[in-house]
Amino acid sequence: MSDVDLRVDLGGIALRNPVLTASGTFGYGTEFAPFLDLRRLGGIVTKSLTLEPRGGNLPPRIAETRGGMLNAIGLENVGVEAFLREKLPALHADVVVVASVFGTEIEHYAEVARRLSASERVAGLEVNASCPHVKSGGIEFGQNPNLLAELVRAVRRASTRPLLVKLSPNVTSIAEMARVCEGEGADALSLINTLQALDVDIETRRPVLHNVLGGLSGPAILPIALRMVWQASRAVAIPICGIGGIGTAEDAIKFLICGATAVQVGTASYLNPMAAGEVADGIAEYARRHGLTRIADLVGTLELPR
Ligand SMILES: Cc1cc2nc3c(=O)[nH]c(=O)nc-3n(C[C@H](O)[C@H](O)[C@H](O)COP(=O)(O)O)c2cc1C
């Protein structure tokens, strides 16, 4: 039992500590259960779920880069029905499950949200806004304020569950996108998703990924994510879940100080499947060392130069 109160409220989702795992990097949770008691975490965010199962992109879909990794998985997943039937019941009842929602059409997002909301086991929804909208020529939902507003409005109408919107960092103004989501009734924001990137094999002169472009994640993106979390936290009143390159408690604490109420551990779980649990333990230790009785008191305490 910890003497520090690690509990936080993420837009209506009560978390026992501020550490979750990031969508797409932790499977459906069950894959990691042999390495880590998932009840040590604030919660887990599932892979993004679509109406129908998806096979994803052709390989190579993952490549290591300096300080990070590139991926173009293509949002492979079992589909919402198989998730509800097979994956969700396999998780311990005490694990807080946030389900990531995804689709190529707004109506698909809304339908996935509706079906997930029918399950008592789903504590909240996270809308992955980094999907290309086919009807708009492939621009991501999260890159256009009007499209983003339409998406959040539709999912908001489809569900009364706590609604997190996961923002794309591939935008000029993250503050503008954050305000759009708040205005449409989002309960919290998650940021950031991966940064669009490219790497090349100079011997073959080919892109390292079959998809050519991929999403950059890992330590390389941490300072960018931190900047965006800070800017978003100043733009909106709803809580923020910080994501991007977090692998240690020190990384996570930076996000809390910059205004994140909670954090998600992504790529780091590939290197160390216990990473998220260690981050949670390290946050408690930091709080103790700094005489904090409630971790929530650390949120948004960045000292700015006068
Ligand atoms: C292999 C891989 C798959 C991912 N799949 C998803 C996904 O299905 N949905 C989503 O919202 N984000 C997905 N992401 C993005 C992560 O959730 C996270 O936002 C991003 O990787 C930045 O955090 P990190 O640097 O800690 O990995 C994926 C990332 C990786 C590396």
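All residue numbers in this chain count up from 1 along the given sequence. Counting starts at 1 for both ligands and their atoms, in listed order.
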Could you list the donor-acceptor pairs under 3.5 angstrom formed by side chains in residues 196-208, with sequence neighbours left out?
residue : atom : partner : partner atom : Å
Asp201  : OD1  : Glu203  : N            : 2.9
Asp201  : OD1  : Thr204  : N            : 3.4
Thr204  : OG1  : Arg206  : N            : 3.2

TODO: Please list, by chain and number, the protein residues whose heavy atoms come under 4.0 Å of ligand 1.
DONE: Ala22, Ser23, Gly24, Thr25, Ser48, Met69, Asn71, Ile73, Leu75, Asn128, Lys166, Ile192, Asn193, Thr194, Ser217, Gly218, Ile221, Ile243, Gly244, Gly245, Ile246, Gly266, Thr267, Tyr270
Charged N-O contact under 4.0 Å between [X] and [Y]:
X      : Y      : result
Glu182 : Arg179 : no
Arg61  : Glu76  : yes
Arg294 : Asp297 : yes

TODO: Just jot down the side-chain hydrogen bond (donor to acceptor under 3.5 Å, both in side chains) partners of Thr21, sequence neighbours excluded, or say none.
DONE: none
Open item on the list: Asn146: which residues meet the side-chain contact (heavy atoms from CB on, under 4.5 Å) condition with it, sequence neighbours left out?
Closed with: Asn144
